[in-house]
Every structure is written in structure tokens, then in C-alpha cells.
Protein chains: 2
Amino acid sequence: MTDAKALLMSGVPELLILRLLAEREMYGYELAKTVRVLTREAISLGEGVLYPALHSLELSGLLRARRRQAGGRTRVYYSLTAKGQRRLAYLTSRWRRIATAVEAALAGPSHA
Amino acid sequence: MTDAKALLMSGVPELLILRLLAEREMYGYELAKTVRVLTREAISLGEGVLYPALHSLELSGLLRARRRQAGGRTRVYYSLTAKGQRRLAYLTSRWRRIATAVEAALAGPSHA
DNA sequence: CCTAATACCTCGAACAACGAGGTATGGTAC
DNA sequence: GTACCATACCTCGTTGTTCGAGGTATTAGG
């Protein structure tokens, strides 16, 4: 209700992270940039959202982390576990159900 | 992360309430039922969400409330203010942007 | 008369999202 | 060589929403 910032998402960060990592192994910073590019700036995963999410997802056994040297830098690469894949499938179907429902309501309540 | 309940919405209740009230004046209980029917049970506005939301929206000047007698019952009917209409337009476009972005990511990150 | 549906409400817990801040390294330009 | 920016990771506290559980009262039906 802050009038300026609408938080029309929830679970979306988790969904996006899982989806991208399902494709290939990535590290935090890379994820943030990829999301921005992929969504054309529509969605931005702030670091205050990203890193806590990654840690929490790892703790829940949805992600696997591994440190790797690349370009003289130490990066933390994440990949999906089997449990993470199931979670992704679940969140995806849930998203579609809700998105469809919202679209139906927006289209016109008269069509009930 | 509760594994059982995914909260893939945020702002969605507000959006739905505004959208339905843009069509016609309604009272709380009616709104709850309409949403359930309209979304085929996909979205359910619990009363613990609905009533606080209505009060907050009224307080923000997005809704107008008026008590009416109907069927021997006292009901509180809500309707959109001009400010509420602007807010609805804003939330709608915001929703579409995000939904599109998520769909793009789900479709396949490889298409970046 | 008792129950179910209607109709409204509040409270507190839980949790996600976020901005702001903090550390450290590597590359580039001056 | 040193200033600066991008990279790369992190945590903290605040804010706001969502949600279930609980509470009250009225009306209609069996």
C-alpha cells in the first residue's frame, strides 16, 4: 500500500532461482544479472533477497552449493537437487494456476 | 518454504478486490465467494485477509464504504473511488509486466 | 430448538521482500 | 601505483502481507 512500490510477487524469486538453476549451474551474482536481462529489467533480484534465498534453499536441501575458482575469484556455484526439481515442478504448476485465475478475473468478472 | 503452502501471491488480493469492485458495489462476504467461484477455487480470499484489506483500502481512500440493509441484514458495501481506479490501473499493468516476465523465464532461459 | 449459513470482526504468528550497509578482490585507466 | 569501478559475497533490521484461529451476532430451515 506504499503506493509507490507494489509487491506483486511472492515466491517468484524462489521460482526464478530454481528455474534458472535447472538449466545450468550458476553463482549468485550471475543469477542476479541473468534475471535482469531475461526479464528486461521487469524483475530485479536484489542481493538482500538473493543471497538469503540461496542459503535458505540450500538448507532445505533444494540446492547444492560448491565453491569454485574461476578467473582468480572464488565463486559459489549452485545447482538443483532432485528435491529442488520436484519443488520447481510444484511451484511452476502453482504459478500457472494462479496466473490463469488472475487473468480470468481481470478479463471480466461478468464472465463468471 | 513450508513445502506444503506456497505463497505465490502478494498484492493479488488487493488487485482482485479492486477489480471486482470496479464492476459493481459488493460486500465482504460476497467478494470472498465471488473470487472463489470466478477462479474456480484456485484463489481463496480468507476472511483474515479480506476484512483487514478492505479496511486498509478504505483508509487509504481507494474504497468507499456504506452500510445498507438487505434481507434484514446489515451489510457493508464497498465501491471504488477515483483514486481506487487509478490504483487498479497501476496494479493491473504491474501484474501484466511481472506475469509476462515470469512466463519468459519459465519458457526457457536459453532464449535469453 | 438447534444447526448451518450468513456476515462481520480482531489478534498474533510467520515469513518474504527489501534497502542499506559491510568486506574483499580483480581489472582498467590515469 | 593508485584511484576507481565492477565483481562477488554477506548480514542486519524493518516493513508489510498473508494466514489461521478465534470471536460475535443474525437469519433461515428442519
Side-chain angles (χ1 to χ4, degrees), chain A residues 1-18 25-37 43-60 62-63 65-78 87 91 94-95 98, chain B residues 1-18 25-37 43-60 62-63 65-78 91 94-95 98 102:
Chain A
M1 219 80 57
T2 334
D3 218 21
K5 306 248 161 209
L7 5 147
L8 226 11
M9 36 178 145
S10 150
V12 170
E14 183 186 355
L15 175 57
L16 292 182
I17 289 170
L18 294 178
E25 200 182 39
M26 288 174 100
Y27 57 96
Y29 212 76
E30 192 185 4
L31 271 162
K33 257 193 306 184
T34 305
V35 167
R36 275 199 302 274
V37 171
I43 299 176
S44 178
L45 254 61
E47 308 195 358
V49 172
L50 184 61
Y51 291 111
L54 287 173
H55 298 153
S56 153
L57 290 170
E58 188 194 358
L59 209 72
S60 310
L62 305 178
L63 297 185
R66 109 181 133 102
R67 314 187 81 79
R68 248 176 59 190
Q69 294 292 335
R73 258 171 216 282
T74 306
R75 290 170 177 164
V76 187
Y77 282 82
Y78 293 92
R87 173 75 172 167
L91 285 182
R94 191 155 187 84
W95 164 263
I98 291 175
Chain B
M1 219 84 53
T2 335
D3 217 23
K5 306 250 160 207
L7 3 148
L8 227 12
M9 36 177 145
S10 151
V12 170
E14 183 186 355
L15 175 57
L16 291 183
I17 289 169
L18 293 178
E25 200 182 38
M26 289 174 99
Y27 57 97
Y29 212 74
E30 193 185 3
L31 271 163
K33 258 193 305 184
T34 305
V35 166
R36 274 198 302 274
V37 171
I43 299 175
S44 178
L45 254 62
E47 308 195 359
V49 173
L50 184 62
Y51 290 111
L54 287 173
H55 297 153
S56 152
L57 290 170
E58 187 194 359
L59 209 71
S60 309
L62 304 178
L63 297 185
R66 106 182 136 103
R67 314 186 83 79
R68 247 176 59 190
Q69 294 292 333
R73 256 171 215 283
T74 307
R75 290 168 177 166
V76 187
Y77 282 82
Y78 293 92
L91 285 182
R94 190 154 187 87
W95 164 262
I98 291 176
V102 171

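Labels below follow one simple rule: chain letters A, B, ... track the order of the sequence lines, proteins then strands, and each chain is numbered from 1. As a basis for the values below, the full set of heavy atoms in this structure was taken, side chains included, without hydrogen atoms, waters or symmetry mates.
With D:dC19, D:dA8, D:dC10 as the choices, the nucleotide that has an atom nearest any side-chain atom of A:Tyr78 turns out to be D:dC10. Of the candidates D:dT18, C:dT10, D:dC10, the closest approach to any side-chain atom of B:Val49 belongs to D:dT18.
Taking atom CZ of A:Arg75 as the reference point, atom C1' of C:dT25 lies 12 Å away to the nearest angstrom. We find that OH of A:Tyr29 is positioned 14 Å from C1' of C:dG27, with the value rounded to whole Å. What separates CD of B:Glu14 from P of D:dG16 is a distance of 13 Å, to the nearest Å. Separating the CG atom of B:Leu57 from the P atom of C:dC9 is a distance of 13 Å, rounded to the nearest angstrom. To the nearest angstrom, P of C:dA16 lies 12 Å from CG of A:Leu91. What separates CZ of B:Arg36 from P of C:dA5 is a distance of 12 Å, to the nearest Å. If you take CG of B:Leu54 and C1' of D:dT18, they are 15 Å apart, rounded to a whole angstrom. Residue B:Leu50 contributes atom CG, which lies 13 Å from atom P of C:dA7 at whole-angstrom precision.
Considering only residues two or more places apart in sequence or on other chains, B:Glu47 meets the side chain to side chain contact (heavy atoms under 4.5 Å, CB included) condition with B:Tyr29, B:Tyr51. For A:Arg68, the side chain to side chain donor-acceptor pair (under 3.5 Å) partners at least two apart in sequence or on another chain are A:Glu25. Looking at residues two or more places apart in sequence or on another chain, you find no side chain to side chain donor-acceptor pair (under 3.5 Å) involving A:Arg73.
Inter-axis angle, ends of the helix from C:dC1-D:dG30 to C:dC30-D:dG1, five pairs per end, rounded to 10 degrees: 20°.
OP1 or OP2 of C:dT6 has at least one side-chain nitrogen or oxygen of B:Lys33 nearer than 4.0 Å. Contact annotation: A:Tyr51 does not reach the phosphate of D:dC10 (side-chain N/O to OP1 or OP2, under 4.0 Å). In this structure, A:Tyr27 reaches the D:dA8 phosphate: one of its side-chain N or O atoms is under 4.0 Å from OP1 or OP2. Regarding contacts with the backbone of C:dC8, every side-chain N or O of B:His55 stays at 4.0 angstrom or more from both OP1 and OP2.
The minimum heavy-atom distance linking A:Val76 with A:Ala65 is given by the pair CG1-CB, 4.1 Å. The heavy-atom pair separating A:Ala32 from A:Leu50 by the smallest distance is CB-CD2, 3.9 Å. Taking all atoms of both residues into account, the shortest heavy-atom contact from B:Leu63 to B:Leu54 is CD1-CD2, 3.7 Å. When all heavy atoms are compared, the tightest approach of A:Ala53 to A:Ile17 is CB-CD1, 3.9 Å.
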Enumerate the protein-to-nucleotides 20-23 of chain C contacts in which both atoms are nitrogen or oxygen and the separation is below 3.5 Å.
none

Considering only nitrogen or oxygen atoms on both sides, find all protein atoms under 3.5 Å from nucleotides 24-26 of chain D and state each distance.
residue : atom : partner : partner atom : Å
D:dT26  : O2   : B:Arg73 : NH1          : 3.1
D:dT26  : O2   : B:Arg73 : NH2          : 3.0

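With A:Thr34 contributing its side chain and A:Glu30 its backbone, the two residues share a donor-acceptor pair below 3.5 Å.
The closest side-chain heavy-atom distance from B:Glu14 to B:Leu62 is below 4.5 Å. The closest side-chain heavy-atom distance from B:Leu18 to B:Leu91 is below 4.5 Å.
Map A:Val76 and B:Gly46 each onto its nearest nucleotide of DNA chain D; the residue landing nearer the 5' end is A:Val76.
Separating the CD1 atom in A:Ile98 from the CZ atom in A:Arg94 is a distance of 5.0 Å, to the nearest 0.5 Å. Note that CE of A:Met26 is 13.5 Å distant from OH of A:Tyr78, once rounded to the nearest 0.5 Å.
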